[in-house]
Amino acid sequence: MGNNNKKIAFSGIQPSGDLTIGNYLGALKNWVAIQDDFESYYCVVDLHALTVRQDPKELRLRTLKNLAIYIASGLDPKKNTLFIQSHVPAHSEATWLLNCFCYIGELSRMTQYKDKSQKIGESVSAGLFTYPVLMAADILLYNTDVVPVGVDQKQHIELARDLAVRFNNLYSPTFTIPEPYIADTGAKIMDLQEPEKKMSKSADNPNAYILILDPPNTIKKKISRAVTDDIGVVRYSEDQPGVSNLISILSTVTHMTPKDIEKKYEGMGYAQLKADVTDALVEELSPVQKTVKELLEDKTYLESIYKNSADKANYVANKTLRKMQRKLGLIPR
Ligand code: ATP
Ligand code: LTN
């Protein structure tokens, strides 16, 4: 429990690529929706991005761009602590401590690690392997109650819970046990080219994803190229993954249920559905894009946000870190 008797929410997105509508609909929109109900910390997890090779100049730019996207999507910097992970050294320090309580077997079972390491091949870094421990440190340092994420992150949150319980049992109650918070719609937006796969900002084919900052004509082109099927009926069902994904996107943006959408498009082909998905996305994203542009022109403002927030985050995180160190037998300075 934080100040004002509100529960605590924590989440983050890696600046490992430009943000997609998967990040927007699966994470950001839910963060905005709950900002009055929780005391919230939202972080640009730049240290996580380093688990795969990044161009330094690009990473710097994207970290700021992501912060601007958080604000432009509707997160009020006065209500939420919006900060950059590497500005709070306690995350790295707590990761080492938690690493000593995490089993190799647990990390080997993480599906995101299995998928990514398979794609990368031989040069998989140890950082990619221990990535979920850094994520556990992020969450546990803030006494987090809920972690709003897309469904793909559930397994990582379970590991954070296991580590928290293990530490609490070995020493004494130290960490709050966090719960995942996954919305009913938008929790898994699929790849537009291979709709059996999650839409991801690091996909090789740009037609596979729509970026939050894609201009209207790019959105139109990508949606018109989205893979469907030759059944020709607008139906939300497992054997029509491409069409179901378009329905999910429309449903999350417009708040119509998939059933209502099926009814609305009865007897119509996919062209109308695609045109309406395009319009809905353009309408949703245009104001966000405009604000991002303005924010990126005012670096001083962005700097004031991340600096103030880092002060608060450091204060809270260091308190938890000191508790961990003391319980483990490290001598206080
Ligand atoms: P990468 O491709 O670099 O691994 P990603 O696009 O999968 O990244 P993350 O930074 O791993 O994005 O995810 C940030 C947040 O966005 C998480 O809460 C994650 O669950 C959510 N998210 C990412 N992709 C999707 C998606 N396709 N549908 C719903 N939520 C998503
Ligand atoms: N691993 C997450 C990003 C992330 C995160 C977190 C999410 C890093 N730290 C803490 C929630 C809470 C991902 O989406 N790939």
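Note: hydrogens, waters and symmetry copies are ignored here, and every other heavy atom, side chains too, is used. Whatever order the structure lists them in is the order used to number ligands and atoms, beginning at 1. Small disclaimer: the values here were computed from a predicted structure and weren't measured.
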For [X], the ligand 1 atoms whose distance to one of its heavy atoms is below 4.0 Å:
X	value
Gly150	18 (O), 19 (C), 20 (O), 30 (N)
Ala27	15 (C), 16 (O), 18 (O)
Ser16	3 (O)
Gly26	29 (C), 30 (N)
Lys116	1 (P), 3 (O), 4 (O)
Gln14	3 (O), 4 (O), 10 (O), 11 (O)
Asp152	19 (C), 20 (O)

Distance-only polar pair, side chains of [X] and [Y], donor-acceptor under 3.5 Å:
X	Y	answer
Asn80	Tyr70	no
Asp145	Tyr181	no
Lys327	Thr174	yes

Member of Ile189, Ile212, Thr20, Asn30 meeting the side chain to side chain contact (heavy atoms under 4.5 Å, CB included) criterion with Leu25: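 Exactly one pass, corresponding to Ile189.
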
From the options Gln155, His156, Lys198, select the one residue that forms a side chain to side chain contact (heavy atoms under 4.5 Å, CB included) with Gln112. His156

Within the structure, does [X] bring an N/O atom to less than 3.5 angstrom of an N/O atom in ligand 1?
X	answer
Gly12	no
Asn23	yes
Val149	no
Ile13	no
Ile189	yes

Run the salt-bridge test on [X] and [Y] with the 4.0 Å N-O cut-off and return the result as yes or no.
X	Y	answer
Glu106	Arg166	yes
Arg109	Glu158	no
Lys259	Glu262	yes
Lys79	Asp36	yes

Closest protein heavy atom to atom 29 (C) of ligand 1, given as residue, atom name and distance to 0.1 Å: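 Answer for atom 29 (C) of ligand 1: Ala187 O, 3.1 Å.
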
Where is the nearest protein heavy atom to atom 30 (N) of ligand 1: which residue, which atom, and how far? Gly22 O, 3.2 Å

Do Pro77 and Tyr301 come within less than 4.5 Å of each other through their side chains, counting heavy atoms only? yes

Is the contact between [X] and ligand 1 made by the side chain, the backbone, both, or neither, using heavy atoms and a 4.0 Å cut-off?
X	answer
Ser202	both
Gln112	neither
Ser200	both

Tell me whether the rings of Phe83 and Tyr41 are parallel (<30°), tilted (30 to 60°) or perpendicular (>60°). perpendicular

Please work out whether the ring planes of Phe101 and Tyr171 are parallel, tilted or perpendicular, with thresholds of 30° and 60°. perpendicular

With distance as the sole test, does Gln35 use its side chain to make a donor-acceptor pair with the main-chain N or O of Asp76 at under 3.5 Å?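 Such a contact is found between Gln35 side chain and Asp76 backbone.
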
Keeping Gln240 on the side-chain end and Val233 on the backbone end, is there a donor-acceptor pair under 3.5 Å?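 The answer is yes, because a donor-acceptor pair under 3.5 Å joins these two groups.
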
For a side-chain contact (heavy atoms from CB on, under 4.5 Å) check, start with the C-alpha distance between Ile69 and Leu213, then their side-chain angles and the critical distance, and finish with the verdict. CA-CA 9 Å; Ile69 290 177; Leu213 300 182; 4.2 Å; yes

Out of Gln153, Lys198, Lys201, whose heavy atom is nearest to atom 7 (O) of ligand 1?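 The option holding the nearest heavy atom is Lys198.
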
Could you pull out every protein residue that has a heavy atom closer than 4.0 Å to ligand 2, ordered by chain and then number? Phe10, Ser11, Gly12, Gln14, Val45, His48, Gln112, Tyr131, Met135, Asp138, Ile139, Val147, Val149, Gln153

